[in-house]
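Let me begin by presenting the structure, written as structure tokens, before commenting on it.
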4 protein chains.
Amino acid sequence: MSLQREGKYERILDAAITAIAESGFYHCQVSKIARLAGVADGTIYLYFKSKEDILIQLFQSRMGDFIAVIRNKLAQCGTTEERLRTIVETHFSNMEHNRSLAIVTQLELRQPNLSIRRAINGPLLDYFKLIEEVILLGIEHGEIPNVDIWVARQMIFGSLDEATTDWVLARHPRTLVSGVEPMLALFEGALRLRKTEEKRQLIPDEKREEDENANS
Amino acid sequence: MSLQREGKYERILDAAITAIAESGFYHCQVSKIARLAGVADGTIYLYFKSKEDILIQLFQSRMGDFIAVIRNKLAQCGTTEERLRTIVETHFSNMEHNRSLAIVTQLELRQPNLSIRRAINGPLLDYFKLIEEVILLGIEHGEIPNVDIWVARQMIFGSLDEATTDWVLARHPRTLVSGVEPMLALFEGALRLRKTEEKRQLIPDEKREEDENANS
Amino acid sequence: MSLQREGKYERILDAAITAIAESGFYHCQVSKIARLAGVADGTIYLYFKSKEDILIQLFQSRMGDFIAVIRNKLAQCGTTEERLRTIVETHFSNMEHNRSLAIVTQLELRQPNLSIRRAINGPLLDYFKLIEEVILLGIEHGEIPNVDIWVARQMIFGSLDEATTDWVLARHPRTLVSGVEPMLALFEGALRLRKTEEKRQLIPDEKREEDENANS
Amino acid sequence: MSLQREGKYERILDAAITAIAESGFYHCQVSKIARLAGVADGTIYLYFKSKEDILIQLFQSRMGDFIAVIRNKLAQCGTTEERLRTIVETHFSNMEHNRSLAIVTQLELRQPNLSIRRAINGPLLDYFKLIEEVILLGIEHGEIPNVDIWVARQMIFGSLDEATTDWVLARHPRTLVSGVEPMLALFEGALRLRKTEEKRQLIPDEKREEDENANS
DNA sequence: TATGAATGAGTGTTCATTCAT
DNA sequence: TATGAATGAACACTCATTCAT
């Protein structure tokens, strides 16, 4: 029974992603979501308080999953370079593999509606914190000079977000993941990332100077 | 501000910015805009085809002004460093001095609605092109290595946009303009900007004037 | 314009009486009232806050008229007997001549709904006060012994009300006005009404005693 | 009150009285009745055809009890005075001791809904007949002059009903039973009741017993 | 141009009832 | 009998747009 409940809950959420991505939150009728989910209109209200609540739970659930995945991957990274790469790669590939969710995230969730904003803020701030932790760790490890963490986070998230929106709006035929390397290069430059090869103590100082020259 | 003298068109546009910033595009009634503008509901439809059309013309008009201002300022810049500074400063100060417009721009214009998107794309692509030109010029002048212009533009616009959204949503008490310097530092790092103070010592005045002419 | 407004207001009220009498307040759709009134659904909401508000204004308006009529007639009565007759006659004939309004009054307005109750109480209490004033005047004039005014009012209104409900529900084929004389006889007995022939000073005391015997 | 031992039918009926008295018939959900009764929603439909049927059976059951009680008490009365007193006292005390039932009876049962009306009519007409029998007996016994029985019944029931509604709506802080004596005085006056204390002095005991047998 | 009363299509939500278990 | 998740018909109300003045 509980399994069926969960089944319907997820089906409604998936249907909502598709429906909202197609028509936008305001133009998408609850009955359309119900039809896509294969349930009756009224059934929606056994799982969600209101139409707005669908949007909120949708974001909290999917963004929660997303952050959990990134956190797991980050735990296995040894350097800031790897961590940045993990964030960019996971962000882009996740969005690319779930275009409807990306549309909802990039467009529909930018609501001025207060209750929606409040509900969205939680998971979003988690993501921000995660990015900021990576920067802070880089500074502590001496990989990054003392940058303004807040602004650095704005740059990283803003860039990923804009690239995703660009892709969602199909302003450009490129795949999202094709932007991973150039984006990473920009981030490393912006953060003056000192590649941590020396940590492994295999690389002589001269080599490092070459790298720095290449970067400048 | 003389309510009687300004054209009704402008008054309706200003009223729309205020009203939409307050309640969001979908929750803001045409009659509210009319009331704020001091005109009858029907009058709106003498100047605008539809409610949607208000949003579109609003963005086109204000974004057009914004781009014109930046273009003017850029014409007077001699270096990529100055040009980047101009963009960041103008973007932030414009948004900060017109919070309602910023709210509309940052939140309300992210509509998946196709006709709105199409109408918004024009001015936005102008802005993108403007940023890309600055990067391209930097590359041509040897101030910037060969970066992926597309991705660089995504980073610059995305960062400015995210910082503005952050400020609009008051996630942070800082003023927007306080982010100018750190943001610029990041951009310069990301673009591996070769500061052109030395350059000037290498290039004769005549040459520099040619560059400036090319930019104007 | 104001005339047209009033025209529609009244038309909606009349339509509501008919529609509610037919189907009951809860089963009667706003669109049915609109159709009967010859206006669009939305027009209703230019004149009334809500469906409930229609019921409230309906009662306040019609009951107000009713009380005004009775008050006028009472002002021309010289004796308690005449006043009681006026109340019974007016109550019955008004109801009989406006069956739909009677249905609404007798059945639909008995709502436990608090806001409806509150709105109804005003005019109803006016009517109660009017009845109580007649009784009080009778006591002051020595036409009625010292009865419990509150309970006397309950009896008078309750009897009129029940007779009206009986008639509305067609439990009996009699006309309402055919009940005027027997009802008056009951009221006069209940109130031990001393007929005020003596006031006219034409009738000797012996006659009065006969009357009293007949009444006992 | 042992929730487990009472039959579910009775528990549902009691729950319905409480729930309907609180929110009114139309605003009271079947699921609320089920919750109060401690049964599942579906269980209601094992005992009742529909929500409407609950109201109908509720009235028929409770009103049937009420009439049976009055009939029993009336059988023990020797005079019309006693019979009237019995009706008024029982009516008021029953209502006062079961306020929720009174609310349902006074407010919720005034439904124009035909099927409800029809179902209610049965027990109500029984009550009416009972009152009319008392009046008729009074006339036959010479205690009451020849009054219009129909109208007299309307007066008696209407007065009791209005007093009860007054009390239900708390328009007055008095208890209901405090109205017994004044109400009785009014009824006796209205019916020109000839008190039978003297009568008993005229009639031998055997005769009185016959009367009582006739009544039972 | 300007008005604002009137329109009526459109939809989120409720809740009595059913039925598989 | 008993359950309670699921159903889906039904409806009050909103608001962008029109048009007679």
Side-chain angles (χ1 to χ4, degrees), chain A residues 1-2 4-5 7-9 12 25-35 37-54, chain B residues 7-9 12 25-35 37-54, chain C residues 1-2 4-5 7-9 12 25-35 37-54, chain D residues 7-9 12 25-35 37-54:
Chain A
M1 230 169 278
S2 159
Q4 282 201 15
R5 275 191 69 86
K8 278 195 181 151
Y9 179 83
I12 293 171
F25 181 65
Y26 281 103
H27 287 108
C28 144
Q29 300 104 307
V30 171
S31 60
K32 184 181 180 180
I33 297 178
R35 188 161 17 86
V39 299
D41 290 18
T43 306
I44 301 266
Y45 291 86
L46 296 176
Y47 298 89
F48 302 89
K49 270 205 312 288
S50 64
K51 186 184 173 188
E52 203 173 79
D53 189 41
I54 301 176
Chain B
K8 289 199 174 162
Y9 179 84
I12 293 170
F25 181 65
Y26 280 103
H27 287 108
C28 145
Q29 300 106 303
V30 171
S31 61
K32 184 183 180 179
I33 297 177
R35 187 161 20 85
V39 301
D41 292 18
T43 306
I44 300 262
Y45 290 86
L46 298 176
Y47 296 88
F48 301 89
K49 265 208 316 287
S50 64
K51 184 185 175 187
E52 209 171 74
D53 188 40
I54 301 176
Chain C
M1 228 168 281
S2 159
Q4 281 201 17
R5 273 190 72 86
K8 278 193 182 153
Y9 179 83
I12 294 170
F25 182 65
Y26 281 104
H27 287 108
C28 145
Q29 300 103 306
V30 171
S31 60
K32 183 182 180 181
I33 297 178
R35 188 160 19 84
V39 301
D41 290 20
T43 306
I44 301 265
Y45 292 87
L46 296 177
Y47 298 89
F48 301 90
K49 270 206 310 289
S50 65
K51 185 185 173 188
E52 204 173 77
D53 190 41
I54 301 176
Chain D
K8 288 198 175 164
Y9 178 82
I12 293 171
F25 182 64
Y26 279 104
H27 286 108
C28 144
Q29 300 106 304
V30 171
S31 60
K32 184 182 180 180
I33 297 177
R35 187 160 20 83
V39 301
D41 292 18
T43 307
I44 301 261
Y45 290 85
L46 298 174
Y47 296 88
F48 301 90
K49 266 208 316 287
S50 65
K51 185 186 174 186
E52 207 170 74
D53 188 40
I54 301 177

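Just so it is clear: chains get the letters A, B, ... in the order the sequence lines come, proteins before strands, and each one is counted from 1. What you see below is based on every heavy atom in this structure, not just the backbone, and it leaves out hydrogens, waters and symmetry mates.
Between the C1' atom of F/dC15 and the CD1 atom of B/I44 lies a distance of 13 Å, rounded to the nearest Å. What separates CG of D/D53 from P of E/dA16 is a distance of 14 Å, to the nearest Å.
A/F48 comes within 4.0 angstrom of nothing in the nucleic acid, heavy atoms only. Within 4.0 Å of D/Y47, counting heavy atoms only, lie sugar-phosphate atoms of the nucleic acid but no base atom.
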For DNA chain F, what is the dot-bracket line, given that a base pair needs Watson-Crick (N1 to N3, plus N6-O4 or O6-N4) or G-U wobble (N1-O2 and O6-N3) geometry with both distances under 3.5 Å, and | means paired with another strand? .||||||||||||||||||||
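Between D/T43 and F/dT3 there is a side-chain polar atom (N or O) within less than 4.0 angstrom of OP1 or OP2. One finds a side-chain N or O of C/K8 lying less than 4.0 angstrom from the OP1 or OP2 phosphate oxygen of E/dA6.
Between D/F48 and D/Y9, the ring planes are parallel. Angles under 30° get that label, and only those over 60° would be called perpendicular.
Where C/Y45 and A/G42 meet DNA chain F, the nucleotide closest to each residue was compared, and A/G42 sits on the side nearer the 5' end. Between A/Q29 and D/S50, the one whose closest nucleotide on DNA chain E sits nearer the 5' end is A/Q29. The residue among D/D41 and C/K51 whose nearest nucleotide of DNA chain F is located toward the 5' end is D/D41.
At least one donor-acceptor pair under 3.5 Å links the side chain of C/K51 to the backbone N or O of C/F25. Using a distance-only test at 3.5 Å, with no hydrogens or angles considered, no donor-acceptor pair links the side chain of C/K32 to the main chain of C/H27.
In terms of heavy atoms, C/Y47 sits closest to C/K8 at OH-CB, 3.7 Å. What you find for B/I44 and B/I12 is that their closest heavy atoms are CD1-CG2, 3.8 Å.
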